[in-house]
Colleague: 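Would you mind keeping the following structure in view while I ask a few things?
Order of the sequence lines sets the chain letters (A, B, ...), proteins ahead of strands, with each chain counted from 1. It should be emphasised that the depicted structure is a prediction, and the values quoted were computed from it without experimental measurement.
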Amino acid sequence: MSLLPQNQTLPLGFDDDTLQRLTTGLSDQQLTWLSGYFYGRTSAGRSEVQQAALAQAGARPAVAAPAPKLTILYGSQTGNGKKVAQQTADQARQRGVKVSVQDVNDYATRSLKTEQQLLLVVSTQGEGEPPVAAEELHQFLLSSRAPRLPDLRYSVLALGDRSYVQFCQTGREFDERLAELGAQRLLARVECDVDYHEPARQWAERVLDVIAAAAGPVTSGSSSYVAAAQTLAEPAPEPYTSRHPLGATVLEKIQLNGCGSTKETYHLELSLADSGLHYEPGDALAVVPRNGEALVDEVLRAARLDAAAPVQLSGLELELGLALTRQLELSVLTRDVLERYAALAPHHYQLREIVADLPQLQHYLYGRDVADLLTEFPAELSAQHLAAVLRPLPARAYSLASSLLVHPDEAHLTVAAVRYAAHGRRRHGVCSSHLADRLAPGDAAQVYVERNEYFKLPADGATDIIMLGAGTGVAPFRAFVEERVELGAAGRSWLLFGNPNFTTDFLYQAEWLQHLRRGTLSALDVAFSRDQAEKVYVQHRLLEKARDVYGWLENGAHFYVCGDKARLGTAVQEALKQVVQREAGCSAEAAADYLRALKKQRRYLEDVY
Amino acid sequence: MADPIKLSEVELVKDASNYLRGTIPASLRNRVTGALNPDDTHLIKFHGSYQQTDRDLESERKRQKLEPLYSFMIRVRVPGGVATATQWQQMDALSDEYANSTLKLTTRQTFQLHGVLKRDLQQTIAGFNHALLDSIAGCGDVNRNVMCSANPQESDLHRQVYEASVAISHHLTPRTTAYWELWLNGESTYSSAVNEGEQEDFEPIYGKTYLPRKFKIALAVPPTNDADVFANDIGLVAIEQDGQLLGFNVAIGGGMGMTFGMSETYPRLADVVGFVPAAQVVEVCEQVLTIQRDWGNRENRKFSRLKYTIDSVGLAVFVAELHQRLGYELAPAKPYRFETSGDAFGWSGGPDGKAHVTLFIEGGRVADQEGCMLKAALRAIAGFHTGEFRLTGNQNLVIANISPAHRAQIQTLLETHGVWSRTEKQTALRLNSLACVALNTCSLAFAEAERYLPQLLDRLDAVIRANGLTDDGILIRMTGCPNGCARPYLGEIGLVGRAIGKYNLYLGANHAGERLNKLYREQLDEDGILRELTPLLEAYARQRGPAERFGDFVVRHGVVAATTHGQNFHA
Ligand code: SRM
Ligand SMILES: Cc1cc2nc3c(=O)[nH]c(=O)nc-3n(C[C@H](O)[C@H](O)[C@H](O)COP(=O)(O)OP(=O)(O)OC[C@H]3O[C@@H](n4cnc5c(N)ncnc54)[C@H](O)[C@@H]3O)c2cc1C
Ligand SMILES: Cc1cc2nc3c(=O)[nH]c(=O)nc-3n(C[C@H](O)[C@H](O)[C@H](O)COP(=O)(O)O)c2cc1C
Ligand code: SF4
């Protein structure tokens with residue numbers, strides 16, 4: 001007798017005869033037992049997800065058509081996307097949907113073929129680049145190797161920031177490519193600006209509604225769904241958020257650059273006393289800035305509007321002057337603002353042209369602020385129109401430079417004052433100058449924590465760390481080293497630091513030298529770019545110390561990079577590849593693989609901005 | 001049995017240094033600090049450099065979490081203070097390239113650069129070499145720059161004395177090859193150090209631990225004691241006959257330094273112990289030096305100078321040992337007479353038709369300031385001048401042996417750069433002033449000196465003018481601490497810093513550097529200094545004898561008792 005229904009072909013190269021031969025003489029009971037035995041033996045090696053899927057399949061053997069499994073993937077750099085993904089998964093579970101939620105970093109790309117329902121939450125980093133975690137999937141999907149996915153239904157939630165020209169670029173690319181590959185959208189892509197909570201929640205609700213509708217009536221009863229929906233408040237909310245920041249008193253403000261420096265960097269110590277605000281090294285503190293009086297006046301003048309004019313902003317009435325000072329972004333000009341403005345001032349043909357052409361647009365935005373726009377393309381705008389054209393003033397992130405273990409109730413920041421001249425005016429970055437010029441000890445800064453999920457010390461204190469920081473990029477490493485000293489971590493720590501000039505710009509030098517003397521810092525290398533005829537950057541030191549770098553990495557070290565994106569991002573990765581190539585004596589491709597593996601293991605971590 | 005000797009830390013460092021190398025190469029390579037390894041800070045002195053910090057920025061940088069602003073002072077030896085125009089140009093250029101754009105002319109006739117960063121040390125020192133200068137033994141427990149009168153008008157005698165000073169300097173220069181190795185990439189293209197192809201480092205005179213302390217030699221040609229010979233371990237007074245050098249009266253055991261609150265420390269003038277013919281002067285210097293090498297105190301550096309060695313064994317014993325080592329006795333000293341230890345300013349002519357001009361350089365600092373572009377003027381002059389630049393022991397500068405064709409041009413340059421009026425229009429009090437470096441670079445300073453004395457002089461000048469003393473040279477010398485770098489105990493008015501804004505006032509030295517002064521008042525602020533000095537200057541104007549100097553006047557009037565020996569300085 002055949003073990004199988006008629007006309008069914010066998011998978012995995014089995015044929016009927018073989019099966020017959022293998023099972024000859026076994027009773028039905030024995031056969032049933034064996035099936036369980038073999039199932040157990042193989043599933044021990046499977047991933048959690050696969051097991052969950054198999055368990056589900058096993059639990060409800062093909063009785064009715066099972067609701068298709070839902071996979072939620074997140075590609076996240078600083079943890080926003082992860083949070084959203086987990087909340088969405090919770091919502092799904094409340095509705096009785098079987099769901100698995102996974103970091104795209106740990107996702108096997110070939111599993112994509114077997115997915116039926118996929119939600120992808122992904123942020124955009126760099127200049128429109130995917131977060132490190134999503135690099136591999138991104139590359140795979142956009143390549144010609146990507147499989148057709150006709151059976152997949154999906155939706156993308158893109159996280160981003162409208163102040164970047166390539167807003168939500170990565171989300172867009174995933175969304176469009178999946179469609180190209182034949183997958184069908186459950187719901188159109190939703191793009192979130194900095195304030196992503198509400199749109200993300202709505203996206204989750206709607207996409208889960210679609211899924212529910214497709215799966216038919218929920219058997220477990222709608223009452224439980226309603227009850228569950230009511231408990232869907234944000235889980236474990238942060239005590240302080242952009243809407244409800246903490247007023248943290250400035251305890252100390254020190255200009256860190258010695259006199260004669262070309263740089264202006266401040267060390268700020270903020271009080272967290274009685275706030276319950278908690279952070280870990282690697283996290284950032286978001287600071288809610290206010291615009292300076294001079295810029296507000298400049299904008300009012302350019303718009304020929306009165307500071308006292310009333311405007312409505314998110315349902316509240318306030319004076320335009322106040323709105324410009326506290327609520328709206330003026331110091332940088334972004335694409336969204338330009339687009340809205342161009343729509344309001346259609347007679348500016350040239351502006352329309354700029355908006356329509358990406359290179360021109362980028363060129364125009366650089367170094368210009370709202371006052372420039374209003375001056376160069378004047379339009380008759382009401383106060384309300386102006387308020388509506390501008391974008392909300394977002395908080396700026398600053399890496400925490402302290403460990404709570406060493407400075408309980410304090411948060412230290414290392415802030416570079418952004419100042420430059422462009423188009424005939426002196427300009428000051430809104431938040432850095434707010435901190436540098438407008439807040440004095442005793443004043444309060446409005447802050448909340450911006451978690452950075454991944455840029456964290458190794459869980460095991462015995463792991464070595466290599467920290468490469470340029471400029472203010474050294475900030476988190478001060479926190480790292482403080483924390484490791486306090487925890488008595490046994491692993492070695494190596495700092496590589498770069499800035500323009502040794503005598504004036506060696507941020508926290510005295511502290512590093514003390515750590516070095518005490519052995520709490522194992523190695524310190526510095527590069528001061530302008531101290532000699534030829535420019536020397538910190539990545540050059542990496543090459544000089546190639547043997548040690550490779551040795552440390554082979555020994556399991558984690559490698560951290562923090563600081564200016566333009567200066568560090570690719571340059572450090574290139575240097576590291578050269579290090580590996582030289583020391584391992586391998587090909588460029590193998591070195592690239594080595595780096596990729598480091599990233600995947602989350603041992604190469606970047607926090608560049 | 002005597003306790004075993006407990007050598008001072010510096011002695012141990014020298015001993016372990018392999019002829020002054022220590023770990024200097026590693027110190028220089030270390031990029032994370034602007035400082036050297038602590039032990040190397042002792043050794044670098046022998047190479048002519050001091051590690052310093054900018055004391056003005058001390059507390060600010062501490063707050064900024066930066067290490068102190070470390071930099072290096074480098075002292076370039078110029079035996080007898082005679083530099084060529086090319087050498088001047090080179091020092092000028094190096095000061096702009098690597099230092100704080102000033103040149104300091106010191107009380108021992110050397111150049112100092114300030115503010116050289118560790119990473120530039122090697123190139124700077126190599127830069128001296130290009131102009132046939134060096135900094136070896138600029139500082140450290142060795143014989144320092146040999147001083148010599150700068151008075152060029154007596155050219156033939158001066159030349160002979162100068163040659164003696166060069167010969168002494170040459171003979172007593174350390175021979176370690178560490179200097180070439182560290183700074184000149186191993187090339188011995190030029191250094192005044194002697195090394196006759198020795199395979200291993202070998203110091204025939206010093207031995208590997210060098211001297212217990214610094215050692216100083218100066219030569220002067222009476223009647224001008226501009227080198228302040230009696231403030232030196234060895235002072236040599238040139239004795240001439242018919243314009244030809246016969247030899248020198250030898251004085252030993254001078255030194256200025258003392259420590260507040262330790263009366264066992266004191267300034268002391270050298271004792272004249274005999275006469276030596278010119279041909280033997282080098283050998284006498286070597287023997288005095290080697291007795292000090294063998295007998296000097298190596299346990300406590302406060303008592304290591306020759307002056308304490310002599311006073312601890314007694315002058316007679318020391319001289320007997322000297323005679324023994326020489327194998328002959330010094331002849332009795334010959335008569336001589338010093339009139340002044342100050343400089344004569346302005347133009348003078350030598351017998352050969354060449355001219356010289358002595359410029360007043362306030363505080364010895366060659367810099368450009370609004371209204372007085374001194375550094376620029378001298379740079380311009382160095383571009384064509386065919387004679388020398390002579391640094392005086394009073395921190396001043398003689399442009400010497402000016403060819404007649406250049407005289408007018410030089411005068412014009414000095415005038416148009418605002419330099420000439422600084423020499424011409426001053427009170428003689430200011431022209432006779434000396435101030436040590438003190439703040440912001442000297443780590444030992446308690447108070448300001450170079451940066452402050454000019455302001456104090458503005459107020460004192462008013463008193464001087466009001467009393468008709470404008471042309472009366474009175475030696476006024478200020479230091480920021482009692483170490484005595486501007487030889488304040490030989491000032492008719494000596495001001496020695498106790499604390500910021502507070503000075504001890506010493507009076508009664510004679511004008512020729514032959515009698516120490518004595519403490520008159522302690523801890524005076526500026527008003528206090530004016531209050532104390534005004535009545536004395538008024539009395540001096542009214543009651544002085546013919547040609548009586550201020551220092552002699554105050555002693556005659558019993559304002560202070562005369563100091564007759566270092567050992568009764570504090571009495
Ligand atoms: C530059 C100069 C003063 C000036 O304004 O011209 C000077 C500057 C310093 N002297 Fe001096 N001394 C200078 C002539 C003198 C003199 C005058 C002389 O030699 O005719 C003396 C008194 C004579 C003597 O040696 O007794 C002198 C007695 C000292 C002492 C005390 C020595 C002692 O044995 O008591 C110290 C401190 C020490 O050696 O421990 C000292 C130490 C110093 C140091 C290096 C401070 C230090 O040890 O850290 C000063 C560096 C300051 C700076 O920032 O440049 N300096 N020093 C003079 C450089 C001379 C040269 O070119 O070699
Ligand atoms: C995770 C993270 C951590 C960070 N950590 C730190 C930190 O530890 N310390 C720190 O100082 N910063 C840090 N930053 C950067 C910080 O958040 C702000 O971006 C920075 O302070 C500038 O903000 P601002 O409001 O002062 O300037 P804005 O008002 O935002 O102005 C900045 C803009 O000015 C323009 N601009 C700047 N310079 C020029 C120029 N020369 N010519 C023309 N245009 C120019 C650019 O368009 C630039 O985007 C971090 C950023 C992130 C994302
Ligand atoms: C260095 C840096 C670069 C960024 N670049 C972009 C960008 O090019 N386009 C964009 O839309 N958002 C950009 N963003 C904004 C992030 O996408 C946004 O902060 C998002 O909420 C981060 O989500 P995550 O924590 O899940 O990574 C950038 C953020 C940072 C810190
Ligand atoms: S006298 Fe004192 S303060 Fe002045 S330079 Fe010498 S050591 Fe420094």
Colleague: Got a second to check how far A/C259's SG is from B/D56's CG, nearest 0.5 Å?
Modeller: 9.0 Å
Colleague: Is it the case that atom CD in A/E252 sees more than 12 heavy atoms from other parts of the structure closer than 6.0 Å?
Modeller: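 Yes, CD of A/E252 has more than 12 neighbouring heavy atoms, counting only those of other groups under 6.0 Å.
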Colleague: Working to the nearest 0.5 Å, report the span between CH2 of A/W512 and OG1 of B/T33.
Modeller: 16.0 Å
Colleague: Which bit of A/L524 is near chain B, if near means a heavy-atom gap under 4.5 Å: side chain, backbone, both or neither?
Modeller: both
Colleague: Give the member of A/Q514, A/R541, A/E511 that has the highest number of heavy-atom pairs under 4.5 Å with chain B.
Modeller: A/R541
Colleague: Closest heavy-atom contact between B/R119 and A/F502?
Modeller: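 Answer, listing the atom of B/R119 first, then A/F502: NH1-CB, 4.0 Å.
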Colleague: Tell me, yes or no, whether the heavy-atom count around A/E534 atom CD, taken from other residues, nucleotides or ligands under 6.0 Å, exceeds 12.
Modeller: yes
Colleague: Is the number of heavy atoms from other residues, nucleotides or ligands within 6.0 Å of CZ (A/R547) greater than 12?
Modeller: no
Colleague: By number, which residues in residues 61-70 of chain B have some heavy atom less than 4.5 Å away from chain A?
Modeller: B/R61, B/R63, B/Q64, B/K65, B/L66, B/E67, B/L69
Colleague: Under a 4.5 Å heavy-atom cut-off, does chain B meet the side chain of A/D531, its backbone, both or neither?
Modeller: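 Both backbone and side chain.
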Colleague: With rounding to the nearest 0.5 Å, note down the distance linking CG in B/L57 to OG1 in A/T504.
Modeller: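 Answer rounded to 0.5 Å: 11.5 Å.
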